[in-house]
Structure formats: C-alpha cells, structure tokens
Amino acid sequence: MPELPEIAHLNRCLEPVLSGAVVRQVKLSRPDIVDRGRSQQPVSRRRLLMGERIKGLARHGKQLAIVSWGGPTVCVHLGMSGQLWHCPAGERLRRHDHIHCVWHLEGTRGQGRGRLVFRDPRRFGGLWCFSSMDELTATRWSHLGPDALSLDARTLRRSLAGTRRSIKAALLDQHVVAGIGNIYADEILFAAGIHPQSAVTRLGADRCRRLARCIRHILAAATAHGGSTIRDYVDGQGRPGSFSLRHRVYGRATQPCTSCGNRLHQTTEAQRTTVFCPVCQHLF
DNA sequence: AGGATAGCCTGCGGGC
DNA sequence: TGCCCGCAGGCTATCC
C-alpha cells in the first residue's frame, strides 16, 4: 500500500534514470486508467508525454508527477496495488498481468534508456494528464492538505482546526494532511502515544507539536528504509521496502507491545483496521 | 457542511 | 483439491 514514504523513495530512485530521457513511444493498454473522474475522452499521446523530454519528478503526499520540459505533466497515483518501475535498456521485461502503460525512453544521443512501466492489478490508482505542472498544482493538488513529510506543528494545528473527528480519521484524510495512509497512521499514533480514537479537539498544543514531530520522523525513517512492502509495493528498480520489519503496531494485533509488553488491541476506526497499545497510547 | 457509508477492484487465505 | 467468502485499502460519489 504505497503511502508517502514509498512514493518519496520511488521519487529518489526514478529521478536520475528519468531526467533528461525522451519519450519515444507510449503503449497504453488500458485507456480507462487515464483521467478517471474526468472527461474520459481518448487521451492524446502528447498528453502522455510522447515526444517530450523529461525534466524531473515532483511529489505531493502519495502522488508523483512526471514533468516534461515542454509542459505536459503526468500525475501518477499508485492507489492500493500500483507499481511504477524502470526496466533498463537491453533488459527483458518480465511477463506480468495488469501492465497498463509503458513509456519507451531514449537518451540524448538516441541510445536506449529502457522503459518506465506502470502496473496496477486492483486499479485503484491511475494516471492524470495536465498541460503543465502549474495546472496540476492549481487543480488536482490544490485539494490536498500540506505534505506530511515537512509538516510543522503550526500547520498541523491549522489543518486540524474545525474538525471534530477522531485523530486517526483526520490523519487519513488527504485534505487535512497529504501522504498518510493506514499503515503510517497507526505507526505515527503509536510513536506519539496517542490513542487513535482520541478526539482532535482534545489534543492541546503540546500534543500537536509531538504529533507533528512523530509524523516527520516516522515518514522520514520509512523513506530511508525504502518504505513498507506488505504485498505489492516495489520501488523504481523493482525491489521491496524493508520498513515493514520495523512496524511496531501495524499488522501486529494480539502480539505484545514492543514497548510495554501488553497485548496490542485491534479495532475499526474510520472504517479501517486499527492496531494500538491500550497502555502506551492515551485516550484524550 | 461535515461526517459516515458504499462501491470500485483483484488476490489471497481460511474454512468447509 | 476446489470453491466460496471475507478481507485488504485509497479515494470518490452519495447520502444523512
């Protein structure tokens, strides 16, 4: 389940291999994964970066943008099971189901630069095309909250103001903060010692400061470890992430708390499986 | 209008 | 062995 750390790591892996490459061919085998929720008219190859030279990548929350010098920008969202990886020139692309889009890349002097592959079995993800990076930030990304990796306490407090939900529900809401999903919401709340059902309104300034710090720390540590692979996620070179080995609560229901030894509890909060330590995490 | 809920979709694991 | 059901979850649409 790719969340912010997985996308941030992907950004780092792919940026050097994609920057400067020219897109020579785009093979789109599932047009319905492009521009979902929009017009659904057939998308032009140019909007899918055909003929464009890639300038670089940009990320906000869980979304990644491939930006070209000419303007056209493709926003990639991996959803639940999405994968985006680079297959080097001369290497055979292993046979896979559910490959929806492949970009064929070329270097400055016309040499092969391999292929960029988008695969998404569950199809909760997709591609969104924009005529410029500015258009992406002004439309699709303008609905998102501040990026969680660089979130400071004041911004978090401002973002949380006015909501009466539980802290877990608020953290999962991309309009509040962008980048946190179910895995890291549980890990962050454990690190902060906050019970997931705590009301946002009852967290004071100190708790918010601590929470903002934990958000940054957990996400940065997970990014450094290449993210968490539960089932599908692989990075830009097709490798799984290792942060799942360091999960303190997610996926560990009924096991002993790594901090106090008591049994971890599991509930449902905001329609999501939620694991927490009833001793270490306080209900506010 | 904020918040809860259903639905999208495939793969996998448990139970029979 | 094989089938069926339930679950996993990011996000949008819809309802209350």
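Both backbone and side-chain heavy atoms feed into the values below; hydrogens, waters and symmetry mates do not. Proteins get letters first, then strands, A, B, ... in listed order; numbering begins at 1 in each.
B:dA4 atom P lies 7 Å from atom CZ of A:R165, rounded to whole Å. Rounded to an integer number of Å, the gap from CD1 of A:I180 to C1' of C:dC11 is 16 Å. Atom C1' of nucleotide B:dC8 and atom CD1 of A:I33 are separated by 15 Å, given to the nearest angstrom. The interatomic distance linking A:R123 (CZ) with C:dC11 (C1') rounds to 16 Å, in whole Å. Taking atom CD of A:Q83 as the reference point, atom P of C:dG10 lies 16 Å away to the nearest angstrom. A:I7 has its CD1 atom 12 Å from the P atom of C:dG10, to the nearest Å. Atom CG of A:L64 and atom P of C:dG10 are 18 Å apart (whole Å). Rounding to whole angstrom units, CG of residue A:L172 and P of B:dG3 are separated by 14 Å.
Ring pair A:Y184/A:F243 is tilted by interplanar angle, where 30° to 60° counts as tilted. Note: A:F276 and A:H195 have tilted aromatic rings, judged against thresholds of 30 and 60 degrees for the angle between ring planes.
Among the atoms of the strands shown, only primed sugar atoms or phosphate atoms (P, OP1, OP2) are found under 4.0 Å from some heavy atom of A:R164. Contacts of A:Q174 with the nucleic acid, taken as non-hydrogen atoms under 4.0 Å apart, involve only primed sugar atoms and P, OP1 or OP2.
Checking B:dA4, B:dT10, C:dT12 against the side-chain heavy atoms of A:H98 singles out B:dT10 as nearest. Nearest to the side-chain atoms of A:F124 among the listed nucleotides C:dA8, C:dC11, B:dC8 stands B:dC8. Taking only side-chain atoms of A:Q271, from C-beta outward, the nucleotide of B:dA4, B:dG3, C:dA8 with the closest atom is B:dA4. Side-chain proximity of A:T273 to the nucleotides B:dT5, B:dG3, C:dA8 is greatest for C:dA8.
You won't find any donor-acceptor pair under 3.5 Å spanning the side chain of A:R272 and the base of C:dA8, going by distance alone.
Side-chain atoms of A:Q197 and A:S166 include no donor-acceptor pair closer than 3.5 Å.
To the nearest 0.5 Å, the span separating NE2 on A:H86 from CG on A:D235 amounts to 12.5 Å.
Side-chain nitrogen and oxygen atoms of A:T163 include at least one within less than 4.0 Å of the OP1 or OP2 phosphate oxygen of B:dG3. A sub-4.0 Å separation between OP1 or OP2 of C:dG10 and a side-chain N or O of A:Y184 is absent.
With a 6.0 Å cutoff to the six-membered ring centre and a 45° limit on the axis angle, A:R140 counts as a cation-pi contact of A:W128.
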